[in-house]
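Single-structure report; data block below.
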There are 2 protein chains.
Amino acid sequence: MDKSRTRRALLDGALDLLRDRSLDNLGIREVTRAAGVAPAAFYRHFQRIDDLGLVLVEEAFVTLRELMNEARAGAADTDDIINNSVTVLVAHVRSHQDHYRFIAREQFSPITSVKLAIRREIKLFATELSTDLARLPVTSTWPAPDLVMLADLIVGLMVDTAKRLIDVLEEAPEREPEVVRETERRLRYLSFGATAWHPR
Amino acid sequence: MDKSRTRRALLDGALDLLRDRSLDNLGIREVTRAAGVAPAAFYRHFQRIDDLGLVLVEEAFVTLRELMNEARAGAADTDDIINNSVTVLVAHVRSHQDHYRFIAREQFSPITSVKLAIRREIKLFATELSTDLARLPVTSTWPAPDLVMLADLIVGLMVDTAKRLIDVLEEAPEREPEVVRETERRLRYLSFGATAWHPR
DNA sequence: CCATACTGTGAACAGTTGTTCACTCGTACT
DNA sequence: AGTACGAGTGAACAACTGTTCACAGTATGG
């Protein structure tokens, strides 16, 4: 009947299974079963499991852009930016756990199309972040490559934090504040580094 | 006949398959086939595929410690340390590609025992690195937590670099120097950061 | 030199997989 | 009102999976 309806059911079912399975090992029959649909129905929406994966990647990064916008909202001095960013990141990871776990895991996926898509999106994300950095007083005079470098370092830290958060959330939730503080420290370290850095 | 002989064959066969498969999706039959051995033989050496994975993790980190020792060998001023470290890392990743790819990929493995083992080893690795950092002039006065933080940042960078290197090596080997230069810059950024950092 | 322990074998098991097929509807458009 | 489209079905296919089993061969130790 409603095409988009079962499509969503397939995506959600897949995302649910991907909680403790890798995309590489995700069976078409499993997904359709989780979606409450006949196996053959899968092919009305995707050709292969890879396509399903690509859609999930796209979805995940849509939420990442949401994150960016939220974080940009309250911008004061550097320290506030850091604390605010981390708070927003934590809240976001918490409410989109499945998507974050998925991209963290499939970042090195043997399914090349998915791996490449994720890498491309992360690169894009870092570029956007670097244009934001260009507006800050400390880094406003830096040339583009240096901005990208710093943005890459920050994004790497974010990915790492997301990974830690997911683990902590499902294993020892009471240790969450600890992760938050750790991340803020590291981020502060990176931003202090900017004051000592001589760009070329 | 020779027990350790087939055991190695199984490990090597697995490592070979893991080039474009995730551990989660690695079949026992596949492994025995790659090792040229009957399926049932697998159970003489490992109970489940997880155990095989744990052995591979251990092997990978043995080579990582080799790396550490090699890198420690030629230590001069900070700039030399950076260049030397990166050179050694590159050489090492090149000659142990399969192991590095494996740990990079399974760092987020759905197979929890393997994931935990990797995380534990990385943590240990960072701790060792931090005691090395304590010997450097810039960081000698830092308290332990700050040293660990910096070590974590560096290790994170190394993992990231290993990942990039593997991709570059099998997709566009001519761009290797580019990755090397990029990594040196980032590492230098992190070390410059140390001069501006106020530990507490 | 014999007996014991143990690695590797090949057959068998029931279960699951991806993919195709002709099919039945319900929907939307003419 | 009727028709053409296409989403979802259920059965069928051969191929593969993990695991067990009794057995064969060989090395080791008494």
Side-chain angles (χ1 to χ4, degrees), chain A residues 1-59 102 105-106 109-115 117, chain B residues 1-59 102 105-106 109-115 117:
Chain A
M1 309 207 167
D2 193 353
K3 176 155 184 180
S4 65
R5 198 102 174 138
T6 46
R7 190 184 135 106
R8 254 270 61 89
L10 287 170
L11 289 168
D12 289 342
L15 208 47
D16 192 51
L17 288 166
L18 285 169
R19 225 192 288 273
D20 39 30
R21 229 173 226 67
S22 69
L23 182 62
D24 191 26
N25 196 21
L26 190 62
I28 287 177
R29 278 187 121 105
E30 279 181 314
V31 174
T32 57
R33 199 181 307 133
V37 146
F42 180 88
Y43 298 95
R44 301 284 183 203
H45 302 270
F46 311 98
Q47 295 202 356
R48 332 194 275 102
I49 209 80
D50 308 28
D51 302 337
L52 206 226
L54 287 174
V55 174
L56 288 179
V57 171
E58 207 180 336
E59 283 186 1
F102 172 70
R105 186 171 285 162
E106 303 302 331
S109 178
I111 298 177
T112 2
S113 58
V114 169
K115 183 187 75 179
Chain B
M1 310 204 168
D2 193 353
K3 175 157 184 179
S4 64
R5 199 102 173 137
T6 47
R7 189 184 134 106
R8 255 268 62 88
L10 287 170
L11 289 167
D12 288 342
L15 207 48
D16 191 51
L17 287 168
L18 285 169
R19 223 192 289 273
D20 40 28
R21 229 173 228 68
S22 68
L23 181 63
D24 189 26
N25 196 21
L26 191 62
I28 288 178
R29 279 188 121 106
E30 279 181 313
V31 174
T32 56
R33 200 181 307 134
V37 146
F42 180 89
Y43 298 94
R44 301 287 183 201
H45 302 270
F46 311 98
Q47 294 202 358
R48 332 195 273 100
I49 209 78
D50 309 28
D51 302 336
L52 206 228
L54 286 174
V55 174
L56 288 180
V57 171
E58 207 179 338
E59 283 186 2
F102 172 70
R105 186 171 286 163
E106 303 301 331
S109 178
I111 297 176
T112 3
S113 58
V114 169
K115 184 187 74 178

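Protein chains get the first letters and strands the later ones, always in sequence-line order, with residue 1 at the start of each. Quick caveat: nothing in here was measured; it's all calculated off a predicted structure.
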Counterpart residues, side-chain hydrogen bond (donor to acceptor under 3.5 Å, both in side chains), relative to A:S22 (two or more places apart): B:S22, B:D24
Presence of A:T6 side-chain N/O under 4.0 Å of D:dG8 phosphate oxygens OP1/OP2: yes
For atom CG of A:L10 and atom P of D:dA7, their distance in whole Å: 13 Å
Those residues of residues 14-22 of chain B lying under 4.0 Å from DNA chain C by at least one heavy atom: none
Result of checking B:L52, B:L10, B:V37 against B:H45 for side chain to side chain contact (heavy atoms under 4.5 Å, CB included): B:L10
Set of salt bridge (Lys or Arg N to Asp or Glu O under 4.0 Å) partners for A:E59, sequence neighbours left out: A:R8
Rounded distance (nearest 0.5 Å) linking atom CG of A:L23 with atom CZ of A:R105: 10.5 Å
Close approaches to DNA chain D from residues 29-54 of chain B, in residue order (heavy atom, under 4.0 Å): B:R29, B:E30, B:R33, B:A40, B:Y43
Non-neighbouring partners of B:D16 that pass salt bridge (Lys or Arg N to Asp or Glu O under 4.0 Å), sequence neighbours left out: B:R19
Sequence neighbours excluded, every pair satisfying salt bridge (charged side-chain N to carboxylate O under 4.0 Å, His left out) that has a member inside residues 48-57 of chain A: A:R48-A:D50
Rounded distance (Å) that lies between atom P of C:dG18 and atom CG of A:D24: 12 Å
Separation of atom CG in A:N25 from atom C1' in D:dC16, rounded to whole Å: 14 Å
End axis versus end axis in the helix from C:dC1-D:dG30 to C:dA12-D:dT19, the angle rounded to 10°, five pairs used at each terminus: 10°
All pairs passing salt bridge (charged side-chain N to carboxylate O under 4.0 Å, His left out) where residues 25-37 of chain A contributes a residue, at least two apart: A:R21-A:E30
With sequence neighbours excluded, residues passing side-chain hydrogen bond (donor to acceptor under 3.5 Å, both in side chains) with A:T32: none
Under the side-chain contact (heavy atoms from CB on, under 4.5 Å) test, residues paired with B:A117 that sit two or more places apart: B:L54, B:V57, B:R120
All salt bridge (Lys or Arg N to Asp or Glu O under 4.0 Å) counterparts of B:D20, not counting sequence neighbours: none
